[in-house]
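Everything below concerns the one structure shown next.
Remember, it's 1-based here, ligands and their atoms both numbered in the order they're listed.
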Amino acid sequence: MAKKRALVTGITGQDGSYLAELLLAKDYEVFGLVRRTSTVNFERIRHIQDQITLISGDMLDQTSMTRALSDIRPQEVYNLAAQSFVQTSWTQPVFTGDVTGLGVTRLLDAIRAVDPTIRFYQASSSEMFGKVQEVPQTESTPLYPRSPYGVAKVYGHWITINYRESYNMHCTSGILFNHESPRRGLEFVTRKVTHTVAQIKLGLAQELRIGNLDAQRDWGFAGDYVQAMWLMLQQDTPDDFVIATGTTQSVQRLLEVAFGHVDLDWNKYTVQDERFMRPAEVDLLVGDPTKAGQKLGWKPAVTFEQLIQMMVESDLKLLKAEHGK
Ligand code: NDP
Ligand code: GDR
């Protein structure tokens, strides 16, 4: 039997690299859409680069998507590409809307034109809940985004549902809460903390400059969350699913666990810095993954403490190798 083919946008990102690994393990032919950059940024997929096929394209360019789909003829498309950093969305609101919001319509419309039977996954976000209207948040909690990024994701979420309802396409939206890993970008708070903690431990940095310590997030492990993406596209009927751990932790707790892992007192090394405060904050996120548990049989394996310890250990190893320690 011919292998299944999947196209992943955002394959060079954190989730793209874990999803590509998962799909390869399930014997898919894996294709990734990558945008042109002046230097290569394949660090996260270097170890699997000879097993996947990269195709040039951009979320701002619908022609490139149509061409990629026509060439590959995939059965499944996972749309993970986005301007995904919330803070940047205030300085680049139009660009964020274009890539993260309108980009979804470009891709959906390209799918409709090339092959409307393709199954489509949209990377929706808990940032859509923003100023939360209900605790915990479920698939039916009203949306109240608090950043240009959150607003763009609401658009992407609803256009996915609209193509499902308008054209009877297999379009599914995964509302994923924060998920992290050693491959997380350095600008996001978990990785920023674990990387700086490792630097401090090795004598390579003196302090950590940080923003709001009171924000609470439902943090899980990216490796667990990409399993849910795949499970969603194996369902007969497209739907929306919240993917979360069901527990929440503050940024301060993150500091306690990360510094505590290397026997340091977070209070002694942490400086609050206005630059990392946001014009509008999302104070508390905690998801209710009951539906995903019942319908997909999904549950997370890695706890918050295990996740942060894994990230600190990985950063220690990385820095030791970089600095010959
Ligand atoms: P990353 O920021 O690590 O990866 C984003 C990816 O999108 C990168 O591969 C990037 O390419 C690509 N990309 C950005 N702009 C374009 C463009 N114009 N055309 C083509 N590709 C582009 O994000 P994550 O892996 O963490 O997240 C994956 C998706 O899930 C995103 O849509 C994010 O918004 C969403 N999400 C993430 C959550 C999380 O906690 N991680 C939670 C909920 C949703 P390049 O390498 O060239 O920059
Ligand atoms: P978030 O992740 O905005 O939730 O979006 P991030 O890690 O950037 O922030 C989480 C919380 O930590 C607070 N914070 C800081 N954040 C950063 N980045 N740097 C700091 O120094 C700092 N200090 C405190 C923030 O104010 C915030 O409350 C992530 C992204 O992956 C999105 O793409 C995704 O959709 C959501 O998670 C779910």
Could you tell me whether [X] and ligand 1 have an N or O pair separated by under 3.5 Å?
X	result
Glu180	no
Ser126	no
Thr37	no
Asp15	yes
Met59	yes
Leu176	no
Arg35	yes
Asn178	no
Asp58	yes
Phe188	no

Q) For atom 14 (N) of ligand 2, what is the nearest protein heavy atom, given as residue, atom name and distance? A)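 Among all protein heavy atoms, the one nearest atom 14 (N) of ligand 2 is Val189 CG2, 3.9 Å.
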Q.
Checking a contact table here: which protein heavy atom is nearest atom 13 (C) of ligand 2, and how many Å away?
A.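 Answer, as residue, atom name and distance: Val251 CG2, 4.0 Å.
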Q: Identify, with sequence neighbours excluded, every residue that meets side-chain contact (heavy atoms from CB on, under 4.5 Å) alongside Asp98.
A: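 side-chain contact (heavy atoms from CB on, under 4.5 Å) check on Asp98 returns Leu60, Leu102, Arg106.
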**Q.** Residue Ser124 vicinity, atoms of ligand 1 by number, heavy atom under 4.0 Å
**A.**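 Ligand 1 atoms under the 4.0 Å threshold to Ser124: 43 (C), 44 (C).
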(Q) Need the ligand 1 atom indices (1-based, order shown) with element for anything under 4.0 Å from a heavy-atom of Gly13. (A)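 Once the distances to Gly13 are compared, the set is 3 (O), 4 (O), 8 (C), 9 (O), 25 (O).
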Q | Nearest neighbour of atom 9 (O) of ligand 2 from the list Lys153, Arg217, Arg278, on a heavy-atom basis | A |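 The residue whose heavy atom sits nearest atom 9 (O) of ligand 2 is Arg278.
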Q. Counting heavy atoms only, which of Phe129, Phe177, Phe188, Phe276 comes nearest to atom 30 (C) of ligand 2?
A.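 Residue with the shortest heavy-atom distance to the ligand atom: Phe188.
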Q | With sequence neighbours excluded, residues passing ring pair (Phe, Tyr, Trp, His ring centres under 6.0 Å) with Phe276 | A |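 Once residues adjacent in sequence are excluded, Phe276 has no partner under the ring pair (Phe, Tyr, Trp, His ring centres under 6.0 Å) criterion.
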Q) Taking the inter-plane angle between the rings of Tyr269 and Phe259 on a 0 to 90° scale, is it parallel (under 30°), tilted (30 to 60°) or perpendicular (over 60°)? A)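 The arrangement is parallel - the two ring planes meet at less than 30°.
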For ligand 2, which atoms sit closer than 4.0 Å to a heavy atom of [X]?
X	answer
Ala215	28 (O)
Phe85	8 (O), 18 (N)
Ser84	30 (C), 32 (C), 33 (O)
Tyr149	32 (C), 33 (O), 34 (C), 35 (O)

Q.
Counting neighbours of CD on Glu274 that are heavy atoms of other residues, nucleotides or ligands and sit closer than 6.0 Å, is the number greater than 12?
A.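 It does not: Glu274 CD has 12 such atoms or fewer within range.
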